[in-house]
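Chain identifiers are assigned alphabetically (A, B, ...) following the order of the sequence lines, protein sequences preceding nucleic acid strands; residue numbering begins at 1 within each chain.
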2 protein chains.
Amino acid sequence: MEKENALFGVKEIARRAKVSTATVDRVLHNRTGVSEKTKQRINEIIKEMDYQPNILASRLASRKVINLAALIPDVSEETDFWLAPLSGIRRAESEMKQYGVQVQVFFFDLNDKDSFAEKAREMIDAGVHGILVSPSFIEETKKLAAECSRRKIPFVFIDSNIPDLQSLSYIGPHLRKSGYVGAKLLTYRLESDKKVLIINISKEVDNFNYHEIEEGFRSYFNDHNQPNEIVRIDIRETDYQSVARHLTYVFHLNKDIGAAFVTNSRVHTVASFLKNSHRTHVSLIGYDFVKENVGYLENNVIDFLICHRPDDQGYRGMMALYQTLVINAPVTKQNFMPIDIVTKENYEFYQN
Amino acid sequence: MEKENALFGVKEIARRAKVSTATVDRVLHNRTGVSEKTKQRINEIIKEMDYQPNILASRLASRKVINLAALIPDVSEETDFWLAPLSGIRRAESEMKQYGVQVQVFFFDLNDKDSFAEKAREMIDAGVHGILVSPSFIEETKKLAAECSRRKIPFVFIDSNIPDLQSLSYIGPHLRKSGYVGAKLLTYRLESDKKVLIINISKEVDNFNYHEIEEGFRSYFNDHNQPNEIVRIDIRETDYQSVARHLTYVFHLNKDIGAAFVTNSRVHTVASFLKNSHRTHVSLIGYDFVKENVGYLENNVIDFLICHRPDDQGYRGMMALYQTLVINAPVTKQNFMPIDIVTKENYEFYQN
DNA sequence: TACCTTTACGGGCACGTGCCCGTAAACTCA
DNA sequence: TGAGTTTACGGGCACGTGCCCGTAAAGGTA
């Protein structure tokens, strides 16, 4: 019942080194005021004992608050996708609170690069110690990353990645593989004489995510010598009317489309179109467990949704920051999330 | 930078109630030695302030060690399925260690009821404060549950459930729905004139899991008026020779089996048979992300594996015990895991 | 040599809670 | 009424670490 394995602490180190705990403390936090000789002696003992600091006591004694921040898109009327990462962030927050960690979340508008830059500025000025970012805009993210490097603030990316930016970690899907899985599901029962339609609905012209996903999707067709012809369409407006107009045209040109693949969470717009135009025989696959999509999953318009546990991404992202800043533990640089397949039959148990 | 929101502690409560912190402490742990009057006064203040004890300080000050235990099947040569829950348990252990929580794992033989009872005995005698159990044997589990209730030891079930046993929580799949998902995947591209084969390979005669899964599987066929004839077979020996013998017979009797569904992780045995007998055109679905199965996923003999995040089950199970015993927080009684679909294309990112 | 600065270290309080021990006051009983 | 018992509470140390402050010793300067 009693704690017998009295895990050695600074006191024990101090006793062995014949110094006070304060000196040991100085060495542990490599502060000044210790002669080179004693420093070495103490370090040897620390190593020898494999000393693990007691985080409880450490956080209790420390009066410093650690400020973490997250910069993610606001929940818009278009999509509530970012509710999930937010909930993960909040979950992490409530766990870290007792350790004296505070979390601030900054929201930007997905349709406005400037709002990203603005909020990033605000966030940096708030004097945060670690940052979680959804790097939706490449150039703006690069600037933010540069600023973080200058100030030695660690940052993690979630949902999508921008390589070579010295992020502490990337937590999100392997996009190419994700597209690959989409292709597998789409072709699983597709007749070989049917065409396949790839749909990208996005205001952003240059979207890294999208390219990666489409590449993965196509590589499946290559790897398996799928005979199906692939048609693709970019739609730059996200409202239903525009989407419907474009799709009407495409379906007019291509009479024998058997399946459609939407590269992001706007698949519900396509579902709506298919339903309205009585084309529900077309297999439809898209992304993300958002309520609009689930509705069409329910009534069989969408066959599969692919998801990457956005909730978990938020949680793990914050935890990665916590690991480095509080525990001082290493963090894996690439953290690919599972590629989850959600159907009408299993969605009720899906935990984002 | 400084902790400004000095979250009120016992001292503040004591000040307001004009008593010492010791008295507040007595009330908080409802120990004796406090008059009814002051007790009420203090309780009011606690409620009013919505006092949250500082777990750090609490665990630091307490010299009590909390002993948690897990009773799970040993990893056998037949299956390494239980490696995953074990790893989750270990993960939880390493997180809880700093809070003065110790974890002991007891392994029993899945083919031997007595070993379950024996290890359960051993575990109880070790004086544990909370237990995680894989309730593989119904009667033996009931006895264990009764003993736990008598000693007021909370226990959680993982992987499969035995209702009405006053477990603190069940953490595992909704088996019926899981079978339902299996049926969906199996029929997704199945021709209507093909037969479907349900295979149960298990030494245990009365397996709760199995019945639930099969029921779910069949209910999908009912709900969707699937015309396919369903054939079923129970195989009581788990070795390859026996399985092959039985399957040879079944396939001999039923020439037009188009798909097979195995109700547990022994699907790799069936996969081996299908491969050896050149029947890989038969769609095959089974359970669990174990390495033998993944091998057959790799070479397209198994089409889909259904998984329920066994690692997470172990982790969450231990955490549920931690929640009640250390944090004293409520725990949800039913915790259904996601029904994950694993394919050749996405398995490399699957996180058990 | 007298005085000041720097270096290297120890003492000790604080964080919020758990809990042992001590003790007035109230109560009990012969 | 006096002695013993119970009740109700306060004092204060401990947990392991962070960090402020004090200070002896060494070094530097005139």
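For D:dT17, one of the phosphate oxygens OP1 or OP2 lies less than 4.0 angstrom from a side-chain nitrogen or oxygen of A:Tyr51. At the phosphate of D:dC19, neither OP1 nor OP2 sits under 4.0 Å from any side-chain N or O atom of A:His29.
Applying the salt bridge (Lys or Arg N to Asp or Glu O under 4.0 Å) rule to A:Arg26 yields no partners; only residues at least two apart in sequence or on another chain are considered. A:Ser134 is linked by a side chain to side chain donor-acceptor pair (under 3.5 Å) to A:Ser136, counting only residues two or more places apart in sequence or in another chain. Among residues two or more places apart in sequence or in another chain, the salt bridge (Lys or Arg N to Asp or Glu O under 4.0 Å) test is passed with B:Glu95 by none. Listed by chain and number, the residues in a side chain to side chain donor-acceptor pair (under 3.5 Å) with B:Tyr51 amount to none (sequence neighbours excluded). Here A:Asp80 pairs with A:Lys291 under the side chain to side chain donor-acceptor pair (under 3.5 Å) rule; sequence neighbours left out. In this structure, the salt bridge (Lys or Arg N to Asp or Glu O under 4.0 Å) partners of B:Arg316, at least two apart in sequence or on a different chain, are B:Asp312. Not a single salt bridge (Lys or Arg N to Asp or Glu O under 4.0 Å) links A:Glu140 to another residue, sequence neighbours left out. Taking B:Tyr315 as the reference, nothing meets the ring pair (Phe, Tyr, Trp, His ring centres under 6.0 Å) condition, with sequence neighbours excluded.
We find that CZ of A:Phe8 is positioned 11 Å from P of D:dG16, with the value rounded to whole Å.
If you check residues 37-48 of chain A against DNA chain D, you find no residue with a heavy atom closer than 4.0 Å. Only A:Ala22, listed by number, bring a heavy atom of residues 13-24 of chain A to less than 4.0 angstrom from any atom of DNA chain D.
Counting non-hydrogen atoms under 4.0 angstrom, B:Asp25 reaches a base of the nucleic acid.
Of the possible polar contacts, none joining the B:Arg309 side chain to the B:Met337 backbone as a donor-acceptor pair under 3.5 Å is found.
Ionic pairing of A:Glu93 and A:Arg90 is present here: one or more N-O contacts between side-chain nitrogen and carboxylate oxygen are shorter than 4.0 angstrom.
Here the nucleotide nearest the side chain of A:Ala61, chosen from C:dC9, D:dA14, C:dA14, is C:dA14. Side-chain proximity of B:Arg26 to the nucleotides C:dG10, D:dG16, C:dC21 is greatest for C:dC21.
When each of A:Lys11 and A:Ser58 is assigned the nucleotide of DNA chain D with its nearest heavy atom, A:Lys11 is the one assigned upstream, toward the 5' end.
Computed from C1' positions of five pairs at each end, the angle between the two local axes of the helix from C:dT1-D:dA30 to C:dA30-D:dT1 equals 50°, rounded to 10 degrees.
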Enumerate, atom names and distances included, each donor-acceptor pair closer than 3.5 Å involving a side-chain atom of residues 157-168 of chain B, sequence neighbours excluded.
unit_1   : atom_1 : unit_2   : atom_2 : d
B:Ser160 : OG     : B:Asn209 : OD1    : 3.4

